[in-house]
Each structure stands twice: as structure tokens, then as C-alpha cells.
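Worksheet: one structure, shown below.
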Amino acid sequence: MTFWILITHQLNSEIIQEYEQHMQMLAAKLMWLALGSLGVDQRDTIWAGSSAGFQEAQAAIQLNHYPICPEPDRAMGLAAHTDSTLMTILYQNNTAGLQVFRDDVGWVTVPPVPGSLVVNVGDLLHILTNGIFPSVLHRARVNHVRPRFSMAYLWGPPSDLVISPLPKLVNPLHSPLYPSLTWKQYLATKATHFNQSLSFIRNYLSSPDQIS
Ligand SMILES: O=C(O)CCC(=O)C(=O)O
Ligand SMILES: [Fe+2]
């Protein structure tokens, strides 16, 4: 909580810059762990740069505040969505609220664990891995006892970089499910098609120029 107050009072402070630097390094590390587990290395991911640190990556920090709500069953803090990122690294204060959707059981609460961060796979990692790492549908609930805060580090590629299923993950048995497109194009699609965006672009495999 103290950390949050400091940040909100000094948005341009060194604290946020330092947090950003740590998140940048963590995101690169997590990206290699994810890609490495699929046998993808630096040769297959040219934009990672010579130091493999994804220096060209773009990121934003989103600060979320969910005030106490007298009727939490009649309100939603953040509606169900997937993130339009490669991945999102989320800090939540010690108040539960984040839920992820699991096909087999429905909405599941992600309990805040002190000192831990939550990593959400975003739509671009879903595309890049041809759906092997599916992006996660999630939402944030409110409660009537305590306010909730979260801080999302939204991490993605350079906005004009063309993203497509990694060639190494595509073969005659696993055809590419998504077309090539930039983050900018994907965000424009998301603005129109919301949670249907991934299935929408799947239908445009043969004519990516038409995506907007
Ligand atoms: O507040 C949360 O736990 C979720 C935030 C989130 O999903 C987002 O900022 O995209
Ligand atoms: Fe999110």
C-alpha cells in the first residue's frame, strides 16, 4: 500500500522508472523461458536484438484502482478480456479480485500471494506460438470491504513489427492459424472486435491487408 501511495503521488518518479526497468528484464526472461520451452531460440526471434534483451519492446504501466463497492454482485471492476500484449506482469495488493476463466471450471480467483506477481499470456504471444500458449480470459471483481489496487505492466513488440506464428512452430501438421500483422493492426482489430479478435483474424488468414 505504501508503495502504491508513493507511486500515485510521484508518477514520474524514479520508483516507476526502476519498476519499469525490472519489469523489462523480467519480461525478457519470461519470454525466453516460454519460447525456449518450445525449442525457439534467438535465431528464430530476430527482434530480440543482439543482447537477446528485447530492447525494442514497448510497454505501458496501467494503474488500476477498484474502490469499495456496496453491492459487489451488481458491479464488475474490469470486464472479462484478454490482454492485447505479448504478456502482462501484474502486481495486485493483498486483496483478491482477479479471476481467470478456465474452460473446465469457469471463473477462478487468483489469490494474491505476498511478494509475487501474476503473469498473463496476451494475445500476441498466443499468435506468435500459434495458440500453444493461449491468452487468458480474465476479469477483476470488486468487494464491499476493501479497496483494491493493481498495476499491470503491459509488454509487447515494437508497434510496427510484423508478428505471425513462429516458422519453427509451423509445419505440415500444424498450419499457421493466424495471419501476419503488427501490434498496431491488432489493437485496431481489438477496438472493433473486442474478445472476438483472435477468432476474427483467424478468418483473414489469406488476406491480412484487410485487417483493421
Ligand atoms: O486488476 C486486475 O487484477 C486485472 C487488471 C487487468 O486485467 C489489466 O489491467 O489488464
Ligand atoms: Fe488484463
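Keep in mind it's a predicted model, so treat the numbers as computed, not measured. For ligands, and for the atoms within them, numbers begin at 1 and follow the listed sequence. In this chain, residues are counted from 1 in sequence order.
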Using a strict cut-off of 4.0 Å, indicate which atoms of ligand 1 neighbour a heavy atom of [X].
X      : answer
Ala152 : 9 (O)
Gln62  : 8 (C), 9 (O)
Tyr66  : 1 (O), 2 (C), 4 (C), 5 (C)

Heavy-atom contacts under 4.0 Å between [X] and ligand 1: side chain, backbone, both, or neither?
X      : value
Gln92  : neither
Arg148 : side chain
Leu90  : side chain
Asn120 : neither

Would you say Arg139 contacts ligand 1, with heavy atoms under 4.0 Å as the rule?
no
Taking the side chain as every heavy atom from C-beta outward, state whether [X] and [Y] have any pair of such atoms under 4.5 Å apart.
X      : Y      : value
Tyr186 : Ser159 : no
Leu35  : Thr45  : yes
Gln24  : Phe54  : no

Could you tell me whether a side-chain N or O of Gln185 sits under 3.5 Å from a main-chain N or O of Thr182, the two making a donor and an acceptor?
yes
Has the side chain of Trp183 got a donor or acceptor atom that lies under 3.5 Å from a matching backbone atom of Ser84?
yes
Please lay out, stage by stage, how Ser150 and Asn64 fare under the test side chain to side chain donor-acceptor pair (under 3.5 Å).
CA-CA 5 Å; Ser150 72; Asn64 302 306; 3.0 Å; yes
Gln62, His126, His138 screened by side chain to side chain donor-acceptor pair (under 3.5 Å) with Asp83, the one that passes:
His138
To the nearest 0.1 Å, how far is atom 5 (C) of ligand 1 from its closest protein heavy atom, and which atom is that?
Asn64 ND2, 3.4 Å
Where is the nearest protein heavy atom to atom 6 (C) of ligand 1: which residue, which atom, and how far?
Leu78 CD2, 3.4 Å
Check the pair Arg141 / Gln99 against side chain to side chain donor-acceptor pair (under 3.5 Å), numbers first and verdict last.
CA-CA 7 Å; Arg141 300 207 59 189; Gln99 294 188 319; 4.5 Å; no
To the nearest 10°, what's the angle at the Fe ion (ligand 2) between atoms NE2 (His81) and NE2 (His138)?
90°
Tell me, which N, O or S atom in Asp83 is closest to the Fe ion (ligand 2)?
OD1
